[in-house]
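Read the structure below first, then the notes.
As the structure is a prediction and not an experimental result, all values here were calculated from the model. Throughout, protein chains are lettered first and strands after them, A, B, ... in sequence-line order, and every chain is numbered starting at 1.
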Amino acid sequence: MVELSSRYTPKDVEERLYQQWESQALFHAEPDRRAPYTIVIPPPNVTGILHMGHALNNTIQDICIRFRRMQGANALWVPGTDHAGIATQNVVEKQLAKEGLRRQDLGREQFLQRVWQWKEQYGNTIIRQLKRLGSSCDWQRTRFTMDEGLSEAVAEVFIRLYEKGLIYRGNYIINWCPRCQTALSDEEAPRKETRGKLYYLKYPLVQGSGFKVQGGPRTSNLEPRTHVVVATTRPETMLGDTAVAVHPKDKRYKSLIGKTAILPLVGRELKIIADEAVDPEFGTGAVKVTPAHDPVDFQLGKTHKLEFINVMTDDGRMTNVPKEYEGLDRFECRKRLLATLEGQGMLEKTADHLHAVGHCYRCDTVIEPRLSLQWFVKMKPLAQPAIEAVKKKRITFTPARWTKVYLNWMEHIQDWCISRQIWWGHRIPVYYCQRCPADRVIVSKTPPGKCPKCGSTNLKQDEDVLDTWFSSWLWPFSTLGWPKKSKDLDYFYPTDTLVTAPEIIFFWVARMIMAGLFCMEDVPFRQVYIHGTVRDLTGKKMSKSLGNIIDPLDIIGQFGADALRYTLVTSTAVGTDVFISEEKFVVGRNFANKLWNVTRYVLSTVQGSRFKVQGHPSPFNLEPRTLSVADRWILSRLSHAIAEVTKALDRYAFNEAAQTAYELIWRDFCDWYVEVSKVRSQKSEVQLAVLAHVLETALRLLHPVMPFVTEELWQHVKPAGSPASIMTAPWPKAEKRWLDAEAEEQFALFKAVVTAIRNTKAELNVPLETKPPVQLSTKREAVRRFFEDQRPFLQVLAQVGDVTVGEGLMKPRDASATVVDGIEVIVPLSGLIDAAKERRRIQARVQELTEELGRLDVRLKDRQFTQRAPEDVVNQAKQRREQVTETLQKFTGHLQLLESL
RNA sequence: GGGCGAUUAGCUCAGUUGGUCAGAGCAGCGGAUUUACAUUCCGCAGGUCCCUGGUUCGAGCCCAGGAUCGCCCACCA
């Protein structure tokens, strides 16, 4: 606890607190008698640094967990990182490259040592940043997907799946990244709309295959057909073509079926086959078939027993091709090949073509679909129960629309390629006996001593490692001890809430559900909240390549983590995207500052009184009779706010929760209650109690959103017998007995009258210190009595002199009168304003404005300006012109009024 | 080719089941400085709630159609 200075300095407060929180293990949770509440943190990539997406994600989770913790739940939030196989390996390889080394130079073992070294040194960055953000994770439980226990879980689930026949190895077309030189799952190879070309290639027909065409491509109409034209976006793959396919019902090609074409440049004979898979509408209706490099062609190859010719190496160079192309990069080969074909007149035409091309999600290299021997997980049997679980609402999505997205993906799920040709990761627990046939595999958690079949000790482990997600999908239970039995697992599983971004639904959410049901026979969590994407003000996703990143750590440095959290959370309605700019964080900072200062004020009023703010009894029992209307009003507002914030947090409406707390604290408490309180006798213990109580409660109410400032301030105002930290203080209860419709109505009336008087004074530029007498006229007797009571408050808040309350009061000729809620507010004006002085002031201002208007007019009439200057500059000038005109009119009105006085 | 979301004040956005919902913040403008807070206070917003129909006593809010923008999914080479 520190002395509260006049300036709020989030940096100092936050720095101190977050280190305290960490060392005191305040967020540690063990199974006990309380109801558990568990939240699953998406383990961030170990190479990652905190970006806005993380900041939003973790702020939301932290709000949830702090909210539940205060509600008395045994709240557990297990933090950690995943090993991010490809990304981490890339990082370390880059490091090596600076030393002129490749990973192969070190060898597998040494390379892995380097990666571990790197992990020890840098892998903690994001964890540290999450702490700085205020995340109240159980840091003692921090896990890493390569930890011993989690690794065991990976091997265990591999074996279980294998034994159930759900893991298999086979040659299929997979997504290959030639840069990372590994296979990728479909999810890791997102498709991007790409402007490409569609090349129309002529494949000559073997003599005797030619014939007259009926309505084929126009060029060959009525001529003896000498060739068939195929269209392709990846011409280089033609070197691996082993057939040409057409649709069986396509009249244009009917008589070509069974004939033979010649592959240009190579000279290979290609059978012309018929298959329903061919779309007669696309291209020429004839398609080249490259079974080793395209998923559809692969299928064709299988059905028609074609040859599979792989024409590319692991790094995307050509192989098994004519000499002049051997060893060329795939795109270089494409260029040269097209040039040659064109020279030979074999390139019929080139058309622009928009298509979706897979890109590596780690390095953005264009994916090469390629035939390769890999391990796969059979997904359909795993997906079925996962679909059921969601359909039966054992898991619910918020917003609900994501349910459909999830179900749609699950229903069309493809098998999952899980082997990766990298070194950093969980090595596949499979061994091959060198003496037995190659397809004989031994699946084992630990290296088997000898082949169970032939007894040979010459065994070799599979070289590949597993997809990182193959360990992440076990996170909800592997972090709690699975496959071992544990108290934690019994107590905390299934967990309650998962908070994540939409792009993670397929990668992780869906797979966790499948893994949970498979391994634990229960869902891993009950609610999934999908928040939005963080975007800049133009709606673009924040990304390094666009250069529109706002660094959360930067914001924390400038405005504080509380400000960051507040602004992020108020900028997003349930499940909508978050649009932010740097200025928006000022709002959060100002709010923290406001809290700081109002606390200072409350503490200062108490000083010297018998009332003790810190340690005052709570819940306090006040006699309703002793409360003023303002007291009753603010207590009522407080109760409403508590109910609303609680309800909002229950339904993930974080923006509404934050907004409600903001309105209560700033608009109601600071702007009105505190101001009113200044009028009353400082010795009023009732008032001091209300001030302290409302402030203290509001701090608790806001704590999940702004943990640092609320913790610090709460230490100064907490009631006797409170816990050491606001984090474990009870969540505020909405006291029904404080709900007070009458007080709310009366105080609203009071505010309306004050505002009306302020308006009148402001309109006429009555100096603040001038206190005009005011008459309030109304027929309602109760209202008259009320204002009689409120006279002193009215005088201070509206800065007025005598207040006359009556019925049917006469309005003097030179008085201003406004009616609010049936009350006529009469402010006599004569003698209030030094008319001459005011007239001079206004005239001077009018002159200034007139001159400015003149300048603007000249400018706007200048064609050079209006036509050549940037549009927004011109618009700005126009806008300014309107403003000036408006202001001038206002002043003219004032002048007229002054004349009439 | 499917699916989803958005369209409300100059800007960024709220508006839970249709009836004080036409709002907030920022920007702008006019004013205030012996103040808990200038990271402040007071006052000022007339915006066809994208368009067109429909349901209803009544619609930003429900329905149908359309427009614009954005996102996701899909093996048309």
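Residue-level contact check: A/His412 touches neither bases nor backbone, having no heavy atom under 4.0 Å from any strand. Using a 4.0 Å heavy-atom criterion, one finds that A/Thr755 contacts the sugar-phosphate atoms exclusively. Heavy atoms of A/Glu675 sit under 4.0 angstrom from at least one base atom.
When distances are taken from the side chain of A/Val598 to each of B/C75, B/C76, B/A36, the shortest belongs to B/A36.
Distances shown here put a side-chain N or O of A/Asn759 below 4.0 Å from the OP1 or OP2 atom of B/C44. At B/G5, none of the side-chain N or O atoms of A/Lys404 fall inside 4.0 Å of OP1 or OP2 (strictly under the cut-off). Listed pair A/Asn597 / B/U40 fails the phosphate criterion, with no side-chain N or O lying under 4.0 Å from OP1 or OP2. Phosphate contact (OP1/OP2 of B/G25, side-chain N/O of A/Arg667, threshold under 4.0 Å): present.
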Revision key, fill the gap. Each base of RNA chain B marked ( ) or [ ] if paired in-strand (Watson-Crick or G-U under 3.5 Å), | if paired to another strand and . if unpaired gives (((((((..((((.....[...)))).(((((.......))))).....(((((..]....))))))))))))....

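Judged by distance alone with a 3.5 Å cut-off, no donor-acceptor contact links the side chain of A/Lys761 to the base of B/A32.
Among residue pairs with one or both ends in residues 654-670 of chain A, those qualifying as salt bridge (charged side-chain N to carboxylate O under 4.0 Å, His left out) are A/Arg637-A/Asp668, A/Arg651-A/Glu656, A/Arg667-A/Asp671; sequence neighbours excluded.
When A/Thr350, A/Asp352, A/Thr232 are each tested for a side-chain hydrogen bond (donor to acceptor under 3.5 Å, both in side chains) with A/Lys197, only one passes: A/Asp352.
Annotation: A/Phe308 is in aromatic contact with A/Phe298 [ring centroid separation under 6.0 Å].
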